[in-house]
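A short write-up of the structure that comes next.
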Amino acid sequence: MSNTAKMIVDKDFIISTIDNRLYGSFIEHLGRAVYGGIYEPGHPQADEQGFRKDVLSLIQALRVPIIRYPGGNFVSGYDWKDGIGPKDQRPDRLELAWRTVEPNQFGLNEFVDWSRIAGTDVMWAINLGTQGIDDARNIVEYANHRSGSYWSDLRIQHGYTNPHSIKTWCLGNEMDGPWQIGHKNAVEYGRIACESAKVMKWVDPTIELVACGSSGSGMATYPEWEAIVLDHTYEHVDYLSLHSYYGNHENDTATFLGRSLEMEDFIRSVSATCDYIKSKKRSKKKLSLSFDEWNVWFHSNEADKKIEPWQIAPPQLEDVYTMEDALVVGCLLIALLKHSDRVRMACLAQLVNVIAPIMTENGGAAWAQTIYYPYMHASIYGRGQALVPLIQSPKYDTNTITDIPYLESIAVYNEEASEVTIFAVNRDLTNSLPLEVDLRSFGNCTILEHLVLENSDLKATNTSAQPNRVQPHNSGNAKSDGNRINASLSKASWNVIRVSLH
Ligand code: AHR
């Protein structure tokens, strides 16, 4: 096979009109995500509510459409009522998921206020670990019912006359995991998820619900968990969740870069399981997927074992991301786009300080990690229609994964802006990759810009001292000739080729 990669893109070969919520994220009461991350009264950049404006502007630039909150493992022991009402009456609680103390100075109403400023919607996860049907219906009544009932009037008394209108709700978190507070087997979870779903939708029929799938494809109960849970919940829920984290534990970068192929396999088999239950139930409904936790996570594993318990907001899960992690995140974003007909929502886990694209210092600076850039590019330029990528690429094998294409790519057509954006990763660690794109159904094309994220050191990071060591440049060499594009993709690079169709 030649060492040139070829791609055909045709505007009639559409995967999906992308749901913008594919570019969602996640904030958990964990480590310094909330306290010292998005909320830090007394910080020089804090507004009158204690929200850090420097962090907000980094988030606004990402155009995050939806944020999952308040957990994660945290939510399975959380009483949402601890986080409402006068702050001086809120309790300090032992938080058992991450062994910290939760001061409850930031809760539901603060998050809704903050999310409006951040320009994002809320995806609220309810506690199905230590709580159940009653709290499930009560929180929907508090958040979404207009007035004239105990919980809606309490919200009004707390200063929020208008309902929050939270549309998207997760029915618990990773309930298949033995580490979860209130862990359940699939039948136990399926039953409580079904009964909670019913009452939540009776309170507010406009909401959408996400049932918990497995917390990873490596779980012993996967995919039987999905089948049993959906047997109980299929007609009551709108999405099934997937979670997956990737790491370079063996320092084998070639394999690490191929992990997005495993993400695609995971999506395919969860889709098949949903369709099996659809046929079993003779249902007309096709269930969508919410990949509501995904990222690279491994750098902080050892440091986290040494953290003293029962502190408020210690530095937990603070992965410092490298250039190669950004390439993996780029490949994972492309994998999500390739399955965007089925995966309608996804959340990069997480957003600030905790396995996050944004880092802060308490009382100090905020900056963008390496993975911030592919996420930002996809969120900004990846809106419109995902087009089928017909790709011919040279491939490589590693000891664990075979047939990994050097080129990972997809194109998104934004009809309104009359633009096509090609996202491409060159997985080759030693050679640049010639790329030919045939945009046959489009007219004359002009290159608007070719953004590239690359670094001679794959382990390069951005830190407080060097916040801009890894950042994109726009000196990529893509050229157009009619409706054909040629580029040479630098070794180990993330590329965004923006094409105007005017
Ligand atoms: O995102 C960190 C943790 O990973 C979440 O709390 C949990 O849901 C998952 O295991």
Side-chain angles (χ1 to χ4, degrees), residues 5-20 22-23 60-65 326-327 329-338 340 348 357 368 370-391 393 407-427 432-455 470-490 492-502:
K6 295 181 181 175
M7 174 155 79
I8 300 171
V9 175
D10 190 306
K11 66 175 159 204
D12 288 327
F13 299 163
I14 300 164
I15 298 173
S16 74
T17 297
I18 299 159
D19 186 326
N20 293 340
L22 196 68
Y23 308 116
Q60 283 156 346
L62 291 169
R63 287 184 63 198
V64 186
L327 295 176
V329 164
C331 289
L332 297 172
L333 282 160
I334 293 172
L336 291 169
L337 280 164
K338 281 160 96 175
S340 55
L348 174 68
T370 59
I371 63 168
Y372 181 92
Y373 296 105
Y375 178 45
M376 177 178 73
H377 293 152
S379 175
I380 292 176
Y381 302 119
R383 299 190 184 212
Q385 289 177 326
L387 302 178
V388 177
L390 294 169
I391 288 176
S393 167
L407 175 70
E408 191 58 74
S409 185
I410 193 159
V412 174
Y413 174 39
N414 183 334
E415 193 171 5
E416 215 180 307
S418 215
E419 275 180 39
V420 169
T421 299
I422 297 159
F423 300 106
V425 173
N426 176 10
R427 290 191 176 100
S432 60
L433 180 67
L435 170 67
E436 292 174 12
V437 186
D438 178 351
L439 286 159
R440 50 184 54 178
S441 60
F442 296 96
N444 266 354
C445 303
T446 341
I447 305 292
L448 290 169
E449 60 179 345
H450 176 177
L451 300 161
V452 185
L453 189 69
E454 59 184 333
N455 199 285
V470 182
Q471 58 172 342
H473 64 78
N474 63 359
S475 311
N477 57 21
K479 298 216 169 16
S480 64
D481 179 7
N483 54 16
R484 288 175 177 269
I485 291 167
N486 283 280
S488 169
L489 308 181
S490 311
S493 62
W494 160 258
N495 299 265
V496 182
I497 304 175
R498 296 184 52 224
V499 178
S500 168
L501 306 167
H502 286 298

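Just so it is clear, the model here is predicted, and its values are computed rather than measured.
Using modelled atom types, one finds no donor on one side chain facing an acceptor on the other under 3.5 Å when comparing H502 with E419. No side-chain donor from either of N474 and H450 sits under 3.5 Å from a side-chain acceptor of the other.
Heavy atoms only, all atoms of each residue included: V452 and S493 are closest at CG1-CB, 4.0 Å. Closest of all the heavy-atom pairs between V425 and G330 is CG2-C, 4.2 Å. Summarising the geometry of A424 relative to L489, their closest heavy-atom pair is CB-CD1, 4.0 Å, with the distance given to 0.1 Å. When all heavy atoms are compared, the tightest approach of I371 to P357 is CG1-CA, 3.8 Å. In plain terms, the two heavy atoms of A61 and I380 that are nearest each other are O-CD1, 3.5 Å. The minimum heavy-atom distance between G382 and L337, with the atom names listed, is O-CD2, 4.5 Å.
The closest side-chain heavy-atom distance from L407 to L433 is below 4.5 Å. With contacts defined as side-chain heavy-atom distances shorter than 4.5 Å, the pair Q385/K11 does not qualify. The closest side-chain heavy-atom distance from L501 to V420 is below 4.5 Å. Contact of the I422 side chain with the M7 side chain is registered, since non-hydrogen atoms from C-beta on lie closer than 4.5 Å. For the pair Y413/T421, no side-chain contact is recorded, criterion being any heavy-atom separation below 4.5 Å from C-beta on. Proximity of T446 to V499: side-chain heavy atoms (C-beta onward) are nowhere separated by under 4.5 Å. With contacts defined as side-chain heavy-atom distances shorter than 4.5 Å, the pair I15/I410 qualifies. Looking at L22 and N20, their side chains never come closer than 4.5 Å, going by heavy atoms from C-beta outward.
Residues forming a side-chain contact (heavy atoms from CB on, under 4.5 Å) with N455 (at least two apart in sequence, or on another chain): M323, D457, A460, V470. Scanning for side-chain contact (heavy atoms from CB on, under 4.5 Å) contacts around R440 gives I8, D10, D438, with sequence neighbours left out. N444 pairs by the side-chain contact (heavy atoms from CB on, under 4.5 Å) definition with nothing, not counting sequence neighbours.
Taking a 6.0 Å sphere around CD of E415, one finds it holds 12 or fewer heavy atoms contributed by other residues, nucleotides or ligands. Around atom CG of D481, no more than 12 heavy atoms belonging to other residues, nucleotides or ligands sit under 6.0 Å away.
Here E449 contributes atom CD and R498 contributes atom CZ; the two are 4.5 Å apart, rounded to the nearest 0.5 Å. Separation of atoms CG (L439) and OG (S441) is listed at 7.5 Å; rounding is to 0.5 Å. Distance check: L451 CG to Y381 OH gives 6.0 Å after rounding to the nearest 0.5 Å. A distance of 7.5 Å separates CD1 in I497 from OG in S409, rounded to the nearest 0.5 Å. With values rounded to the nearest 0.5 angstrom, L453 atom CG is found 10.5 Å from S490 atom OG. Note that the CD1 atom of I485 and the SG atom of C445 stand 5.0 Å from one another [nearest 0.5 Å].
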Next item on the list: Start with the C-alpha distance between Y23 and I18, add both sets of side-chain angles, then the distance that settles side chain to side chain contact (heavy atoms under 4.5 Å, CB included), and finish with yes or no.
Entry: CA-CA 10 Å; Y23 308 116; I18 299 159; 4.2 Å; yes
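A donor-acceptor pair under 3.5 Å is formed between the side chain of N477 and the backbone N or O of S488. At least one donor-acceptor pair closer than 3.5 Å links the side chain of S379 to the backbone N or O of L62.
Under a 4.0 Å N-O distance rule, the pair E408/K338 qualifies as a salt bridge.
Paired with W494 under the rule ring pair (Phe, Tyr, Trp, His ring centres under 6.0 Å), one option of Y372, F423, Y375, Y373 passes, and it is F423.
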